[in-house]
Amino acid sequence: MNYWLMKSEPEECSVDDVLAAPDATVPWVGVRNYQARNFMRDGMQVGDGVLFYHSSCAEPGIVAIARVASGAYPDPTQFDPTSPYYDAKSKREEPRWLLVDVQVLKKISNITLPTLRERPELADMLVLKKGNRLSITPVEAPHWKAIVKAK
DNA sequence: GCCAACGTTGGC
DNA sequence: GCCAACGTTGGC
């Protein structure tokens, strides 16, 4: 079992949007970064733990505990010319972009970035590193436990 | 809106 | 394969 942190812009897809969806599950559309894609393709398994993170908003932070709810499969938005995620260079017979389904298990009170930074045991988390822009990062088990256990 | 950091593109 | 230019992310 592995653990991950996944960023979502709440204006795009907030934790409440996910909770309003059937089974509190959504396809994680729009990842257009190879490293993040490879984490989904090669690293994730159904049942992996996910820290659901709100980014590019007033109070960035971890807002829910979630889980990986499917294996990786092609992101349909890459083939949709009307989608902002459309990729003209991706072919159906050889999809460039993948996604997984993510299911929110429990909404938590926002653990904000400043709060995360206050905790020395979390200092090594990739999401806290300067210059980090990856929308999906692996989370080490001790970090996961430190965050989830407190809830 | 600014800007640091990083990824991608494309000329050579 | 190098690297400058450009685009994007995301906190502030």
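Below, each value reflects all heavy atoms present in this structure, side chains not excepted, and no hydrogens, waters or symmetry copies.
- Put simply, CG on A:N38 is 13 Å from P on B:dG7, counting in whole angstrom units.
- Residue A:Y53 has a polar side-chain atom (N or O) positioned under 4.0 Å from OP1 or OP2 of C:dG11.
- Residue A:S56 has its side chain nearest to C:dG10 when only B:dT8, B:dA5, C:dG10 are considered.
- Between the CG atom of A:L134 and the C1' atom of C:dG10 there is a distance of 13 Å, given to the nearest Å.
- Considering only side-chain N and O atoms, A:K130 lies nowhere under 4.0 angstrom from the phosphate OP1 or OP2 of B:dA4.
- Under 3.5 Å, the side chains of A:D80 and A:Y85 contain no donor-acceptor pair of N or O atoms.
- A:N33 has its CG atom 10 Å from the C1' atom of C:dT9, to the nearest Å.
- Between A:W144 and A:Y3, the ring planes are parallel. Angles under 30° get that label, and only those over 60° would be called perpendicular.
- When rounded to the nearest whole Å, the span between CZ of A:R133 and C1' of C:dT8 equals 6 Å.
- For A:L126 and C:dT9, the CG to C1' distance is 16 Å, given to the nearest whole Å.
- Closest contact between the side chain of A:R117 and the listed nucleotides B:dT9, B:dG7, C:dC12 involves C:dC12.
- Look at A:E121 and A:R119 and you find a salt bridge, because one of the NZ, NE, NH1 or NH2 atoms lies within 4.0 Å of a carboxylate O, short of that distance.
- Ionic pairing of A:K107 and A:D16 is present here: one or more N-O contacts between side-chain nitrogen and carboxylate oxygen are shorter than 4.0 angstrom.
- Whole-Å rounding puts the A:L116 CG to C:dC12 C1' distance at 16 Å.
- Of all nucleotides listed (B:dG7, C:dG11, B:dT9), B:dG7 comes nearest to the side chain of A:Q35.
- Of the N and O atoms on the side chains of A:W97 and A:D87, at least one donor lies less than 3.5 Å from an acceptor on the other residue.
- The phosphate of C:dG10 (OP1 or OP2) has a side-chain N or O of A:K7 nearer than 4.0 angstrom.
- Each of C:dG11, B:dT8, C:dT9 was ranked by its minimum atom distance to the side chain of A:Y34; first place goes to B:dT8.
- Nucleotide C:dT9 holds its P atom 9 Å from the OH atom of A:Y85, rounded to whole Å.
- One can place CD of A:E59 at 11 Å from P of C:dC12, the figure rounded to the nearest angstrom.
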